[in-house]
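Here is the structure we will look at.
Reckoned from all heavy atoms, side chains included, excluding hydrogens, waters and symmetry mates. Residue numbers count from 1 along this sequence.
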Amino acid sequence: PGGGLFAVQFSDLDADGDGLVTEAELTARAEALAADRLAGIDTDGDGAVSAAEIEAGVLARIEERVGNRMGKGQRAGDPAERAATMAARMLEARDADGDGVLSGDELSPGADVAALIDRFDTDDDNAWSAEEFAQVGFGKGGFGDRGGKGDRGGRGDRGDRGGKSR
């Protein structure tokens with residue numbers, strides 16, 4: 001329930017038990033989560049998500065998260081307007097074929113996972129050790145610290161994920 005990609009232990013992601021979380025293992029977890037989310041918001045069951053379905057899903061998540069916190073001195077924009085803006089941005093960013101809906105392929109997190117692996121992969125083996133995984137979300141370039149990897153930055157000269165193969 002809830003939690004997303006990082007509400008798991010290292011051993012949950014290390015499917016083959018080799019002590020490393022590879023891009024394939026992380027992609028499998030992310031794709032399973034994306035499929036679950038797609039199933040939850042694809043209300044007409046056509047395998048694609050329209051702007052209206054995205055808005056409804058986002059609005060439901062906003063209402064779930066905000067819940068009873070509203071009205072206690074907090075000021076927030078109109079949730080429906082925020083949901084519409086988020087849906088429009090998502091379509092703009094991911095609708096590769098311009099058909100106004102997001103297919104399962106367009107929702108696939110593959111490219112995002114590669115960048116995420118790179119961000120915390122300190123030894124260039126294109127995988128995370130338990131020590132590298134421990135840095136995800138806990139500062140030192142984690143999600144709460146927008147500082148990244150310092151001078152290593154994105155892919156650097158590795159370009160095509162040319163680190164050690166696994």
Practice problem: Say whether Leu107 and Val58 are linked into one hydrophobic cluster, either directly or through other cluster members, by side-chain heavy-atom distances under 4.5 angstrom. | Solution: yes
Quiz item: Given the rule in the side chain to side chain contact (heavy atoms under 4.5 Å, CB included) test, do Leu13 and Glu25 qualify, once you have shown the distances and angles that lead to the verdict?
Solution: CA-CA 6 Å; Leu13 294 175; Glu25 290 167 322; 5.5 Å; no
Quiz item: Can you check whether Arg61 reaches Arg37 side chain to side chain, under 4.5 Å on heavy atoms?
Solution: yes
Self-check item: Reported CD1-to-CE distance for the pair Ile54 and Met90, which is rounded to 0.5 angstrom
Solution: 6.0 Å
Self-check item: Donor-acceptor contact present, side-chain Asp12 to main-chain Gln9, <3.5 Å
Solution: yes
Exercise. Evaluate whether atom CZ of Arg94 has more than 12 neighbouring non-hydrogen atoms of other residues, nucleotides or ligands under 6.0 angstrom away.
Key: yes
Quiz prompt | Salt-bridge contact Asp14-Arg29 (side-chain N to carboxylate O under 4.0 Å) | solution = no
Practice problem: Please tell me if the side chains of Glu106 and Asp97 come closer than 4.5 Å, counting only heavy atoms from C-beta onward. | Solution: yes
Quiz prompt | Any donor-acceptor N/O pair, Asp78 side chain to Arg82 backbone, under 3.5 Å | solution = no
Quiz item: So, Asp112 side chain and Leu116 main chain: donor-acceptor pair closer than 3.5 Å or not?
Solution: no
Exercise. Please tell me if the side chains of Val49 and Val101 come closer than 4.5 Å, counting only heavy atoms from C-beta onward.
Key: no
Quiz item: What are the two closest non-hydrogen atoms of Asp125 and Asp123, and how far apart are they?
Solution: OD1-OD1, 2.7 Å
Practice problem: Search all heavy atoms of Ile117 against all heavy atoms of Val21 and return the closest pair with its distance. | Solution: CD1-O, 4.1 Å
Self-check item: Backbone N/O of Ala87 and side chain of Glu55: donor-acceptor pair under 3.5 Å
Solution: no
Exercise. Determine whether Thr22 and Asn126 make a side-chain contact, defined as any pair of heavy atoms from C-beta on separated by less than 4.5 Å.
Key: no
Quiz item: When clusters are formed by joining ILVMFWY residues with side-chain heavy atoms under 4.5 Å apart, either directly or through shared neighbours, do Leu59 and Ile41 land in the same one?
Solution: no
Quiz item: To the nearest 0.5 Å, how far apart are OG in Ser50 and CG in Asp44?
Solution: 6.5 Å
Quiz item: Hey, what's the ring geometry for Trp128 with Phe120, parallel, tilted or perpendicular (30° and 60° as the breaks)?
Solution: perpendicular
Practice problem: Report yes or no: does Asp42 contribute a side-chain atom to a donor-acceptor pair with the main-chain N or O of Gly47 at less than 3.5 Å? | Solution: yes
Quiz item: Is Glu132 reaching over with its side chain to a backbone N or O of Ser129, donor-acceptor style, under 3.5 angstrom?
Solution: yes
